[in-house]
Amino acid sequence: MGRGKLRIYLGAAPGVGKTYAMLAEAHRRVERGTDCVVAFVEHHGRARTEVMLHGLEQVPRRELEYRGGTFTELDLDAVLARRPQVALVDELAHTNVPGVRNAKRWQDVEELLAAGIDVISTVNIQHLESLGDVVESITGVRQRETVPDEVVRRADQTELVDMSPQALRRRMAHGNIYQPDKVDAALSNYFRPGNLTALRELALLWVADRADEYLQQYRSEHRVSKIWGSRERIVVGLTGGPEGRTLIRRAARLAEKGAGGEVLAVYIARSDGLTSASPKELALQRTLAEDLGGTFHHVLGDDIPAALLDFARGVNATQIVLGSSRRKTWQYVFGPGVGATVARESGPDLDVHIVTHEEVAKGRGLPVARGARLGRSRSVWGWFVGLVGPVLLTLLLNAVNLGLANDVLLYLALTVAAALLGGLYPALASAAVGSVLLNWFFTPPVNRITIADPRNILALAIFVGVALSVASVVDVAARRTHQAARLRAESEILSFLAGDVLRGETSLETLLERVRETFGMESAALLERESDVDPWTCAGRAGSGPPVDRPEDADVDMPVGDHMALALTGRVLPAEDRRVLAAFAAQAAVVLDRRRLREEADRARALAEGNRIRTALLAAVSHDLRTPLAGIKASVTSLRSDDVAWSDEDQAELLEGIEAGADRLDHLVGNLLDMSRLQTGTVTPLIREIDVDEVAPMALGGVPEGSAELDIPETLPMVAVDAGLLERALANLVENAVKYSPDDRGVLVTASALADRVEVRIVDRGPGVPDEAKERIFEPFQRYGDAPRGAGVGLGLAVARGFAESMGGTLNAEDTPGGGLTMVLTLRAAGAPAAPSHPTPAERQAAR
């Protein structure tokens with residue numbers, strides 16, 4: 001029995017038609033004879049969606065009692081027992097009510113797939129776990145129900161259900177998505193045109209990236225090397241020269257002209273020593289490429305044009321951007337250059353742009369070496385001169401009689417030429433062939449192997465010795481040049497790598513990806529274990545090769561200390577590459593250590609935050625708490641004094657001061673205790689369903705009469721909260737708003753419903769708070785602006801946010817249109833799934 005297939009309908013926002021499309025697909029499959037059932041579909045009261053359920057078999061839902069309410073969930077066991085071919089499961093990111101086997105619905109789907117049942121499901125882009133922060137920054141709402149990206153990425157099919165923001169807002173206004181009483185709040189909050197446009201772009205980009213992954217996988221499986229121009233990918237070839245920045249900007253402009261354009265800047269570390277790239281210049285170009293939205297790649301390559309073209313084809317690039325050559329005219333005798341070679345060999349599917357710049361023809365230095373070898377063309381010419389040259393010279397000398405001494409010198413010159421061109425072995429061949437021809441044709445007795453004159457023997461011996469010496473010198477020089485060029489190429493890579501690591505810009509996964517890319521491997525993994533007998537664990541990996549459980553199973557195993565190793569799969573590396581690989585392995589260990597040190601520093605920061613809180617508590621006790629105590633003591637002492645006869649009015653005034661001081665003291669102590677409970681995580685809300693208008697009036701008891709106005713609709717749904725915590729949170733928010741509002745402008749407390757949430761807004765017309773300070777005002781012991789010391793210890797907003805989050809809600813600040821500050825308290829509507837727990841204030845501060 002194989003694993004079932006997962007098909008997901010992805011949408012940018014509620015109401016785009018995901019469930020409708022899923023049900024339409026189910027009807028098509030039923031008509032084709034497929035055994036298809038509805039495991040769980042929520043129509044949300046939408047008439048057209050509800051009609052689509054007719055004619056489909058529905059598995060009865062499971063009912064559960066939870067905190068006084070009845071909820072229905074997917075009956076996983078019933079679906080498994082029914083064993084259909086296809087099951088429809090709506091809302092993949094849904095959180096199940098406590099009491100069922102799995103906490104999340106996507107876990108139910110995983111069980112169905114494991115049982116061989118195909119599943120069709122739906123999800124909105126805002127529910128993807130990796131996009132939580134992005135969606136919150138767009139909409140101002142943090143999604144509590146999320147699904148891991150990997151679950152959606154593993155889907156066999158992902159289909160985008162798209163709708164323009166204007167059409168979606170029209171559907172909303174016509175009541176096709178939410179009930180009429182929720183339409184106005186939705187259109188003015190979550191369903192604003194800007195929000196919907198941004199969410200739509202996120203969905204389109206996510207699906208485009210997923211399609212690109214499918215394409216790369218298909219090309220890899222079918223070994224497709226031909227470029228498919230499905231999207232514009234522009235590779236920028238860098239030499240490390242100053243023209244690189246011009247090329248990157250030009251490529252970025254080209255990418256902007258096409259939808260989804262991507263820029264990949266690549267520097268190939270040449271092992272032939274023909275470049276002298278500046279690490280500083282490369283770092284600047286890398287930063288520029290990343291600032292413009294591109295990526296930077298650093299690879300090794302002996303043949304620069306071939307390496308550049310291989311890289312471009314490997315990433316399915318459509319264009320290559322190169323700079324005009326910096327070589328002077330006479331330097332073209334050494335070859336046509338990289339640009340001309342790439343343009344000639346790029347083929348019809350890869351466009352090459354040669355961009356002019358200020359450094360054109362200003363020179364780039366002579367080629368001081370030819371790399372790891374003398375080159376194929378030089379080797380061919382060396383063997384030609386070494387083997388054919390003596391024969392041609394013999395024919396020439398037979399026609400012209402120059403004497404034996406001159407003949408020996410000419411053969412020697414030919415051997416030196418063979419050595420300079422081809423190295424040791426062509427020179428040896430030239431010396432051997434030349435000595436035989438000299439002996440046979442020109443050394444008396446002619447046409448015989450024997451030599452009559454001993455001086456001729458000495459001349460031939462000197463000839464052979466000089467030929468061997470010259471050939472050896474040329475060969476040693478070539479080897480030394482190769483070693484020097486190789487070391488320089490390695491040093492460039494290591495210098496660039498060290499710079500990234502020292503700047504802290506490289507994560508472990510990024511470093512491993514660079515290792516894999518540099519050496520052309522399938523995968524790279526950093527393995528470690530506690531001791532010699534413990535199993536190996538993977539600290540980080542990159543690439544798509546087979547998993548490696550032990551270093552010994554990899555194609556390349558590079559130890560790092562006693563209990564760590566860098567393992568690579570793909571091919572066996574030559575010995576000369578292992579030196580650079582060892583440096584990469586050491587850097588990987590450094591990056592891993594730094595990551596763990598950072599985690600320890602975060603924990604230490606949390607402890608330091610606790611110490612800061614304790615210090616602030618002492619400061620509060622020393623001043624803010626002593627002030628009302630001093631006032632109470634002074635009033636009590638005055639009343640108990642026998643020396644003064646107090647009138648009734650004076651006694652009433654003193655008693656009023658005592659009462660005000662006691663109230664203030666009670667408020668301060670209450671906030672301190674609440675903050676302490678939040679810091680230690682001991683706040684345990686008692687959640688029950690209540691109406692907001694039951695709690696809100698009590699929260700206004702601590703402010704002067706008439707300073708705040710309530711506007712709570714009677715049709716507002718109930719909320720699932722702790723009544724006491726909600727009252728304290730609202731009281732703190734209203735008190736803070738009244739404190740900063742003008743006397744002639746009261747505070748407005750209003751509420752509205754949006755989907756499964758209720759938003760309570762506390763609106764003031766005070767001076768407002770700049771954007772950079774909107775989060776800081778929620779930190780403990782923070783007073784904004786010129787608030788006096790007697791204004792409190794700065795805990796009211798911190799306590800309010802802590803209580804809101806403990807109940808599964810959120811509290812954020814936004815500007816009031818026309819001036820002022822609006823506190824938005826978002827609460828979970830009754831019947832909505834519970835949100836995950838929130839971090840404590842200390843943990844939140846440490847996370848920053």
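Sequential numbering from 1 along the given sequence is applied to the chain's residues. What you see below is based on every heavy atom in this structure, not just the backbone, and it leaves out hydrogens, waters and symmetry mates.
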Completion exercise
The reported gap from OG1 in Thr810 to CZ in Arg757 (rounded to nearest 0.5 angstrom) is 8.0 Å
Completion exercise
Here the gap from Leu92 atom CG to Asp90 atom CG, rounded to the nearest 0.5 Å, amounts to 9.5 Å
Problem - Short side-chain to backbone donor-acceptor contact, Arg7 and Val119, under 3.5 Å - result: no
Exercise for the section: Keeping the roles fixed (side chain from Gln143, backbone from Gln126), state whether a donor-acceptor pair exists under 3.5 Å. Expected result: no
Problem - Basic-acidic side-chain contact under 4.0 Å: Glu110, Lys104 - result: no
Practice task
Decide whether Asn195 and Thr139 meet the rule of one side-chain donor and one side-chain acceptor closer than 3.5 Å.
Solution key: no
Exercise for the section: Spell out, as yes or no, whether a donor-acceptor pair under 3.5 Å connects the side chain of Thr34 to the backbone of Arg29. Expected result: yes
Practice task
Write down the atom of Arg153, the atom of Trp206, and the distance for their closest heavy-atom approach.
Solution key: CG-CZ2, 3.9 Å
Fill in the blank from the handout: Correct closest heavy-atom pair for Val16 and Gly11 would be CG2-CA, 3.9 Å
Problem - pair Leu128-Thr146: side-chain heavy atoms closer than 4.5 Å - result: no
Practice task
Check for a donor-acceptor pair, side chain of Asp149 on one end and backbone N or O of Glu129 on the other, with a separation under 3.5 Å.
Solution key: yes
Practice task
Look at atom NZ of Lys5 and say whether more than 12 heavy atoms of other residues, nucleotides or ligands are closer to it than 6.0 Å.
Solution key: no
Practice task
Taking the side chain as every heavy atom from C-beta outward, state whether Arg169 and Leu196 have any atom pair closer than 4.5 Å.
Solution key: yes
Problem - Minimal non-hydrogen separation, Arg83 against Ile117, with atom names - result: CA-CD1, 4.2 Å
Handout entry: Lys NZ or Arg CZ of Arg61 over Phe40 ring: under 6.0 Å, within 45°
Key = yes
Problem - Side-chain heavy atoms of Ile8 within contact of Glu159, under 4.5 Å - result: no
Problem - Spacing of CZ belonging to Arg541 relative to CD belonging to Glu513, to within rounding of 0.5 Å - result: 11.5 Å
Handout entry: Backbone N/O of Glu145 and side chain of His127: donor-acceptor pair under 3.5 Å
Key = yes
Handout entry: Under 3.5 Å side-chain donor-acceptor pair for Asn102 and Glu111
Key = yes
Exercise for the section: For the pair Asp75 (side chain) and Ala78 (backbone), establish whether a donor and an acceptor sit closer than 3.5 Å, ignoring hydrogens and angles. Expected result: yes
Problem - Side-chain touch Val41/Leu53, heavy atoms, less than 4.5 angstrom - result: yes
Problem - Close side-chain approach of Gln58 to Val37, heavy-atom, < 4.5 Å - result: no
Exercise for the section: Answer yes if the side chains of Thr49 and Thr19 hold a donor-acceptor pair under 3.5 Å, and no otherwise. Expected result: no
Problem - Asp108 side chain vs Leu76 backbone, donor-acceptor pair below 3.5 Å - result: no
Handout entry: Glu25 with Arg28: basic N within carboxylate O range, under 4.0 Å
Key = yes
Handout entry: Ionic contact status for Lys774 with Glu814, cut-off 4.0 Å
Key = no
Problem - Lys18 with Asp162: basic N within carboxylate O range, under 4.0 Å - result: no
Problem - Heavy-atom donor-acceptor pair, Arg801 side chain to Ala729 backbone, under 3.5 Å - result: no
Handout entry: Matching residue for Val760 among Val824, Leu825, Leu726 - test: side-chain contact (heavy atoms from CB on, under 4.5 Å)
Key = Leu825
Handout entry: Glu42 versus His94, side-chain donor and acceptor atoms under 3.5 Å
Key = no
Practice task
Answer yes or no: is there an ion pair linking Glu759 with Arg761, defined by an N-O contact shorter than 4.0 Å?
Solution key: yes
Problem - Modelled atom types, side-chain donor and acceptor of Glu91 and His44, under 3.5 Å - result: yes
Handout entry: Nearest non-hydrogen partners of Leu160 and Leu204, listed with the distance
Key = CD2-CD2, 3.2 Å
Exercise for the section: Please name the pair of heavy atoms, one in Ala539 and one in Leu508, separated by the smallest distance, quoted to 0.1 Å. Expected result: O-CD2, 3.6 Å
Handout entry: Glu57 and Arg82 ion-paired at < 4.0 Å
Key = yes
Handout entry: Atom pair CG/CG of Leu597 and Leu592 - distance to nearest 0.5 Å
Key = 9.5 Å
Problem - Electrostatic pair Arg516-Glu522, nearest N-O below 4.0 angstrom - result: no
Practice task
Could you walk me through whether Arg233 and Glu262 pass salt bridge (charged side-chain N to carboxylate O under 4.0 Å, His left out), step by step?
Solution key: CA-CA 5 Å; Arg233 276 197 180 88; Glu262 184 179 356; 3.1 Å; yes
Exercise for the section: Determine, for Arg101 against Asp77, whether the closest basic-nitrogen to carboxylate-oxygen distance falls under 4.0 angstrom. Expected result: yes
Handout entry: Note: Glu600-Arg594 ion pair, threshold 4.0 Å (strictly below)
Key = no
Problem - Glu65 and Thr70: side chain donor to acceptor below 3.5 Å - result: yes
Exercise for the section: Quick one: closest heavy-atom pair of Ala39 and Val79, and the distance? Expected result: CB-CG2, 3.8 Å
Handout entry: Validation row: Pro717, Val758 side chains within 4.5 angstrom (heavy atoms)
Key = yes
Problem - With Thr197 via side chain to side chain contact (heavy atoms under 4.5 Å, CB included) - residues at least two apart - result: Pro165
